[in-house]
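Have a look at the structure that comes next, please.
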Amino acid sequence: MIIMYEGDLYRVAAVKHLTPGNKRGFMQTKLKNLRTGLGAENKFRSEDRVERATLETRSMQYLYGE
């Protein structure tokens, strides 16, 4: 899944749902920035909302070798 987070596009690499003891649960995620290629880890609480990005795929053809 691709999400919009803090103004950048991120690919969600891994998700783990954690509920520690009597505290509220959260999602531990590993994200990869699509623009810079850098990885990051983030915790999202159940109250947090993220926007799912809608992407289009197009087939292209490489025309010039120079």
Side-chain angles (χ1 to χ4, degrees):
M1 180 186 338
I2 308 294
I3 62 171
M4 179 69 87
Y5 179 65
E6 294 181 346
D8 278 332
L9 291 175
Y10 287 88
R11 177 182 306 274
V12 179
V15 176
K16 188 174 184 181
H17 183 259
L18 299 171
T19 53
N22 60 356
K23 297 181 182 178
R24 293 186 177 175
F26 60 90
M27 301 293 281
Q28 179 74 34
T29 61
K30 289 186 180 182
L31 304 173
K32 184 173 182 181
N33 189 319
L34 293 180
R35 186 173 49 84
T36 62
L38 296 176
E41 291 191 13
N42 198 345
K43 293 180 185 177
F44 291 105
R45 298 176 296 158
S46 60
E47 300 87 27
D48 295 339
R49 299 285 179 233
V50 293
E51 180 182 349
R52 186 174 186 170
T54 304
L55 303 177
E56 293 181 15
T57 57
R58 296 182 185 179
S59 57
M60 299 281 188
Q61 185 178 4
Y62 184 72
L63 298 176
Y64 301 102
E66 296 178 1

Heavy-atom closest contact (Leu9 atom, Met4 atom, distance): CD2-CE, 4.0 Å

If you look at every heavy atom in Arg49 and Ser46, which pair is closest and at what distance? NH1-O, 3.5 Å

Phe44 versus Tyr5, closest heavy-atom pair with distance: CE2-CE1, 3.6 Å

Could you tell me if the side chain of Gln28 sits less than 4.5 Å from the side chain of Phe26, heavy atoms only? yes

All heavy atoms of His17 vs all of Thr19, minimum pair found to be CE1-CG2, 3.4 Å

Using the rule that Ile, Leu, Val, Met, Phe, Trp and Tyr join whenever any side-chain heavy atoms are under 4.5 Å apart, tell me whether Met27 and Leu18 fall into a single cluster. no

Can you check side-chain contact (heavy atoms from CB on, under 4.5 Å) on Met1 and Arg52, steps first, answer last? CA-CA 8 Å; Met1 180 186 338; Arg52 186 174 186 170; 3.7 Å; yes

Only residue of Leu34, Thr36, Asn33 satisfying side chain to side chain contact (heavy atoms under 4.5 Å, CB included) with Asp8 is Asn33

Before giving the answer on side-chain contact (heavy atoms from CB on, under 4.5 Å), spell out for Leu31 and Val12 the whole-Å C-alpha distance, their side-chain angles and the decisive distance to 0.1 Å. CA-CA 5 Å; Leu31 304 173; Val12 179; 3.8 Å; yes

